Amino acid sequence: MKKLVLSIVAVLFATIGNAQLNPVGNLTIFSEDGQKFYLELNGERYNTEPQTNVRIEELPNPYYSCKVVFADSSIPTLSKNTLDIADMDGIMQDVTYRIKNSNGKRSLKYYSSVPVEGNMPRPRNVAVYRYGTPNDMIMRADGVVVTETTTVQQSMGMGNSVGVGMNVGGVNMGVSINVPGETVMTTSTTTTTTSSGTRYNDNVRPNDNAPRGCRYAMSARDYDDAKATIKSISFDDTRASTAMQIISANCLNTSQIIGLLDLFSFEDTKLNLAKTAYGYCVDQNNYYKVVTAFKFDSSKEELNRYMQQNRR
């Protein structure tokens, strides 16, 4: 009889394992100019509070109907009937789209993507939701995990039944059959986390007035990993888009931004990165130092004009 019970448990674990292998994708949308918005997928609104960065995980389908509704009602709603989550080969992606502002006209544009892998780290400063559970936030934009619960139960009824129920990654499964002569055993484990995620660099003084809720620069370890990732990429365009994604998903201080710019040679690329990074800098009062990363006075003057126009 014990062999029967073990067989049932093995089948359940195999079924759950297969369920977890089903490909899913992740979607992140961020506002380039910091305008807050609500994100709707297939007619369901996910965030109850407007955000500048929204991420939805565990998307099972290769494309979705998407709508971006701005908190500022004067800004027209953006709609995309086919927003791709998979690539041309059908491989599910961790994909990022950006809300681009060109002279006051906004559009939703593809930004970057990488194939989904197990245990992918979540970007910082993003409100995270799970597909199919709108309004149920997983992680706040400040990195605090709202709730993460994993429950494992096994029970053996004495002379009546064997029941095994599991909830793994949002997949609920259970079975019950009659098995006589067994003892009762029940195990249940539930973990709930409400503490903050990875801390930012404690060497940086928190700036409560920083844009986009940026109070701490990214940690030294994360920053070193980011630089190593950029250095490992051969093509300039891919290196630049990766750097842009790192900047838009984190908060940085002036020194870190200069260090990233020093990885690039072309002035235009550096200037675009510097302009974007200004909105994610925790110490904008020191941003005048960033001009040291440029060779030409024209680039320095353009960055100074940008800072003047976007000073908060």
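Since we're looking at a predicted model, the values are computed, not measured.
Annotation: side chain of Q35 is not in contact with side chain of I99 (no heavy-atom distance under 4.5 Å). A 4.5 Å side-chain heavy-atom check between L27 and L83 finds at least one atom pair inside the cut-off.
Within the model, atoms OG of S248 and CG of N53 stand 7.0 Å from one another, a figure rounded to the nearest 0.5 Å. Atom CZ of R98 and atom OH of Y110 lie 11.5 Å apart (nearest 0.5 Å). Atom OH of Y131 sits about 5.5 Å away from atom OH of Y46, to the nearest 0.5 Å.
At most 12 non-hydrogen atoms from other residues, nucleotides or ligands lie less than 6.0 angstrom from CG of D268. Heavy-atom neighbours of D237 CG from other residues, nucleotides or ligands within 6.0 Å: at or below the threshold of 12. No more than 12 heavy atoms of other residues, nucleotides or ligands sit less than 6.0 Å from atom NZ of K36.
Under a cutoff of 6.0 Å and an axis angle of 45°, R239 and F264 form a cation-pi pair. Both tests pass for K270 against the ring of F294: distance under 6.0 Å to the centre and angle within 45° of the axis.
Salt-bridge formation is not detected for the pair K100/D33: no Lys NZ or Arg NE/NH1/NH2 atom is positioned less than 4.0 Å from an Asp or Glu carboxylate oxygen. We find that K227 and D262 are not joined by a salt bridge, their nearest charged nitrogen and carboxylate oxygen being 4.0 Å or further apart.
Counting only distance, with no hydrogens or angles, the side chain of N47 and the backbone of L39 share a donor-acceptor pair below 3.5 Å. In this structure a side-chain-to-backbone donor-acceptor pair under 3.5 Å is present from T276 to N272. Panel note: side chain N26, backbone E58; a donor-acceptor pair is recorded below 3.5 Å. For Q256 (side chain) and M218 (main-chain N/O), a donor-acceptor pair under 3.5 Å exists by modelled atom type. The closest donor-acceptor contact from the side chain of D84 to the backbone of A86 lies at 3.5 Å or more, if one exists at all. Side-chain N or O atoms of Y64 include one that pairs as donor or acceptor with a backbone N or O of N61 at under 3.5 Å.
The minimum heavy-atom distance between Y129 and M137, with the atom names listed, is OH-CE, 3.1 Å.
Ring planes of Y278 and Y287: perpendicular class, angle over 60° (limits at 30 and 60°).
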Could you walk me through whether T254 and D283 pass side-chain hydrogen bond (donor to acceptor under 3.5 Å, both in side chains), step by step? CA-CA 7 Å; T254 299; D283 58 336; 3.1 Å; yes

Derivation and outcome, salt bridge (charged side-chain N to carboxylate O under 4.0 Å, His left out), residues E302 and K275: CA-CA 10 Å; E302 184 172 345; K275 288 179 178 179; 2.7 Å; yes

